[in-house]
Amino acid sequence: MGHLTHRDITIIGAGVAGLTVAAALAQRGAHVRVLERADALREVGAGLQISPNAGRVLEALGLSAPLDAVSVRSEGVVLHDSHGRQVAAMPLARRRPDAAFRLIHRARLIELLERAARDAGAEITLDSPVTDLPDAPLLIGADGLHSRVRAALNGPQTPFFTGQTAWRALIPDGAADPFARVFMGPGRHLVSYPLGAGLRNIVGVMERPDWTAEGWSHEDDPDHLRAAFGRFGGPVPGWLAQLQRVGVWGLFRHPIAARWQDGRRVILGDAVHPTLPFMAQGAVMAIEDAWVLTECLDRIADQAAALARYQAARAPRVARVVAAANANARNYHLSGPQRLIGHAGLRAISRLAPGVLLGKFDWIYDYDPLAERIS
Ligand SMILES: Cc1cc2nc3c(=O)[nH]c(=O)nc-3n(C[C@H](O)[C@H](O)[C@H](O)COP(=O)(O)OP(=O)(O)OC[C@H]3O[C@@H](n4cnc5c(N)ncnc54)[C@H](O)[C@@H]3O)c2cc1C
């Protein structure tokens with residue numbers, strides 16, 4: 001340990017990945033500079049589910065109490081059909097009482113991470129779009145979906161449209177329902193959970209052949225989201241009636257980058273492995289990456305060896321998580337007889353052998369990045 005002290009490190013991007021790695025590196029004594037193109041760290045995005053595998057990292061960065069102050073503790077996930085009837089319940093938190101599943105507004109998480117990074121001495125410069133990659137002893141690309149650092153390492157790559165469009169919205173809601181709820185209909189699903197501070201997060205995903213641009217901040221007419229889920233029952237109509245501002249974007253698949261580093265430049269988060277949102281693990285994997293990258297740089301003196309070790313430690317896990325998210329896209333959108341059979345099967349498993357369903361993703365949530373053996 002201790003190879004980070006006084007190292008000069010430049011990070012491009014002040015999203016979840018960039019700010020987490022900035023905080024982690026600066027806390028170990030590195031001189032960290034973050035360049036962010038936005039002129040303010042705005043209210044971009046909406047809700048995030050932060051499962052314990054990332055929570056362990058945030059807690060190790062000293063953020064446990066501030067996180068608890070601005071997030072809601074989730075008890076798990078409940079699957080419903082489009083009429084609102086319960087198909088299966090996964091009380092994930094009851095299975096691991098010592099671990100926190102948190103629901104948080106992305107902007108609140110960004111604020112906490114920014115403060116942690118600055119408190120540890122990181123210098124964050126806004127309004128600094130990077131066009132030519134700076135020549136730095138170590139350059140970290142946390143620059144998201146259209147990463148320049150990824151392109152420099154791997155050449156240009158064209159993502160493909162998945163045939164799915166996502167809407168994201170926040171509505172006012174004071175209900176203290178501690179579950180993320182998924183409503184599954186043919187070719188579409190809607191996810192909702194509370195964010196605290198009187199807000200509820202709504203994500204609707206629908207298969208359709210045309211696409212909207214990839215990105216975070218395209219506004220859409222709320223009536224489009226209402227129409228897409230107009231036949232849904234349960235609490236959904238009441239939620240949709242409250243929509244005011246709605247963001248929309250196409251969901252694209254990018255392959256996981258083949259080359260994560262070249263000894264001087266390295267990428268993490270969406271820059272390496274953008275994922276479909278159906279396991280709610282994109283930001284979570286970025287946080288895991290940030291910890292493991294920091295550990296490798298701190299424990300291994302030779303920078304090239306440290307970066308290679310980081311890729312070796314992370315690549316198998318992120319590939320498995322991305323594949324699980326792809327599979328969920330299919331499971332949520334079943335139609336016709338497949339849907340009846342699928343939902344009946346889930347209901348039966350949930351009733352007769354709840355542990356089977358609950359345990360399916362233990363490998364995701366019980367992973368502890370802090371226990372990763374780096375040498
Ligand atoms: C519908 C939906 C729901 C989701 N729900 C969840 C969830 O519940 N849980 C979860 O874990 N994840 C979720 N995600 C995924 C998650 O939001 C992303 O995986 C995560 O935000 C990626 O973080 P990042 O820091 O890698 O990239 P970003 O957040 O995209 O940050 C990249 C940063 O780099 C900056 N930047 C880019 N290029 C440059 C440049 N040239 N110069 C300077 N700055 C630059 C950008 O301005 C930005 O600030 C969801 C995603 C979607 C689409």
Side-chain angles (χ1 to χ4, degrees), residues 10-22 33-42 44-51 53-55 57-58 71 74 77 101-107 109-110 113-114 124-134 139-152 162 164-169 180 182 189-193 195 201-205 212 214-218 246-252 254 267-290 318 321-322 325 329 364-365:
T10 303
I11 299 170
I12 305 179
V16 174
L19 291 172
T20 308
V21 79
R33 182 173 70 125
V34 185
L35 303 172
E36 166 58 49
R37 69 179 166 201
D39 56 8
L41 297 181
R42 287 197 200 85
V44 181
L48 291 175
Q49 303 182 57
I50 300 294
S51 50
N53 39 319
V57 171
L58 300 176
S71 62
S74 165
V77 180
F101 286 80
R102 296 180 173 96
L103 308 171
I104 188 169
H105 194 303
R106 182 179 180 276
L109 178 62
I110 290 288
L113 291 170
E114 181 193 7
I124 301 170
T125 313
L126 302 176
D127 206 4
S128 298
V130 172
T131 42
D132 299 318
L133 298 186
L139 181 68
I140 298 183
D143 46 350
L145 280 176
H146 305 287
S147 167
R148 283 173 188 269
V149 187
R150 172 182 173 133
T162 60
Q164 309 197 56
T165 297
W167 290 272
R168 233 176 183 186
V182 183
H189 77 277
L190 186 139
V191 183
S192 181
Y193 48 85
L195 291 176
N201 191 55
I202 307 277
V203 176
V205 177
T212 37
E214 189 181 31
W216 288 97
S217 46
H218 307 281
V246 171
V248 66
W249 63 102
L251 296 179
F252 287 71
H254 303 237
I267 44 182
L268 79 167
D270 274 10
V272 192
H273 45 68
T275 176
L276 291 177
F278 308 140
M279 283 303 305
Q281 288 290 306
V284 163
M285 284 191 289
I287 293 168
E288 291 179 358
D289 285 348
V318 302
V321 175
V322 169
I364 293 188
Y365 306 129

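Computed from a prediction, not measured in an experiment: that's the story for all the values here. One-based numbering, in listed order, for ligands and for the atoms of each. Side-chain atoms are counted along with the backbone in the values below, which use heavy atoms only and exclude waters and symmetry mates. Nothing fancy with the numbering, it's 1 onward along the sequence.
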To the nearest 0.5 Å, atom CZ of R150 lies from atom NE2 of H273 at 10.0 Å
Within 4.0 Å of some non-hydrogen atom of G13, the atoms of ligand 1 are 33 (C), 34 (O), 35 (C)
Any L145 heavy atom less than 4.0 Å from ligand 1 = no
So for P277 against ligand 1, with non-hydrogen atoms under 4.0 Å, the contacting part is side chain
Between L268 and A142 the two heavy atoms that sit nearest each other are CD2-CB, 3.7 Å
In ligand 1, the atoms that come under 4.0 Å of a heavy atom of V284 are 11 (O)
Of A283, S51, G247, the residue with the heavy atom nearest atom 11 (O) of ligand 1 is A283
When only distance counts, is A38 in polar contact with ligand 1, meaning an N/O pair under 3.5 Å?
-> no
The atoms of ligand 1 lying under 4.0 Å from a heavy atom of Q281, numbered in the order shown, are 10 (C), 11 (O)
Per-atom filter on ligand 1: closer than 4.0 angstrom to a heavy atom of R106 are 29 (O)
- Has ligand 1 got any nitrogen or oxygen that is less than 3.5 angstrom from a nitrogen or oxygen of G269? no
Distance col, row L195:CG vs R106:CZ, nearest 0.5 angstrom, shows 13.5 Å
Note to self: Quick check on D127: does its CG atom have over 12 non-hydrogen neighbours (other residues, nucleotides or ligands) under 6.0 Å away?
What the structure shows: yes
Per side chain to side chain contact (heavy atoms under 4.5 Å, CB included), D143 is matched among I12, V130, I11, L133 by I12
Note: A17, heavy atoms under 4.0 Å from ligand 1, region reported as both
One finds that the ligand 1 atoms under 4.0 Å from a non-hydrogen atom of L35 are 43 (C), 44 (N)
Any donor and acceptor pair, going by atom type alone, linking the side chain of R168 with main-chain N or O of G47 inside 3.5 Å? yes
Under 4.0 Å from one or more heavy atoms of R148, ligand 1 contributes atoms 41 (N)
CG (L48) and CD1 (I287) are apart, to the nearest 0.5 Å, by 8.0 Å
Any luck finding a side-chain donor-acceptor pair between Q49 and N201 under 3.5 Å? no
Any heavy atom of S128 closer to ligand 1 than 4.0 angstrom?
yes
Looking at E288, Q49, R37, the heavy atom closest to atom 7 (C) of ligand 1 belongs to Q49
Short version for A54: what comes under 4.0 Å of ligand 1, heavy atoms counted, is neither
Heavy-atom closest pair (G15 atom, I110 atom, distance to 0.1 Å) is C-CD1, 3.7 Å
Numbered in order shown, the ligand 1 atoms found under 4.0 Å of a heavy atom of V16 are 25 (O)
- Item | Main-chain N/O of L145 paired to S147 side chain as donor or acceptor, under 3.5 Å | no
Heavy-atom proximity to atom 35 (C) of ligand 1, picking from H146, M285, E36, points to E36
So the atoms of ligand 1 within less than 4.0 Å of a heavy atom of G144 turn out to be 27 (O), 30 (O), 32 (C)
Contact region, A142 to ligand 1, non-hydrogen atoms below 4.0 Å, reads backbone
When rounded to the nearest 0.5 Å, the distance separating CG of L109 from OG1 of T20 is 6.5 Å
Interatomic distance, CH2@W167 vs CD1@I202, rounded to 0.5 Å, equals 13.0 Å
(request) Could you establish whether A166 and ligand 1 come within less than 4.0 Å of each other, counting only heavy atoms on the residue side? (result) no
Checking heavy atoms under 4.0 Å, the part of I50 that sits near ligand 1 is neither
Taking the side chain from S74 and the backbone from L103, do they hold a donor-acceptor pair closer than 3.5 Å? no
Short version for R168: what comes under 4.0 Å of ligand 1, heavy atoms counted, is side chain
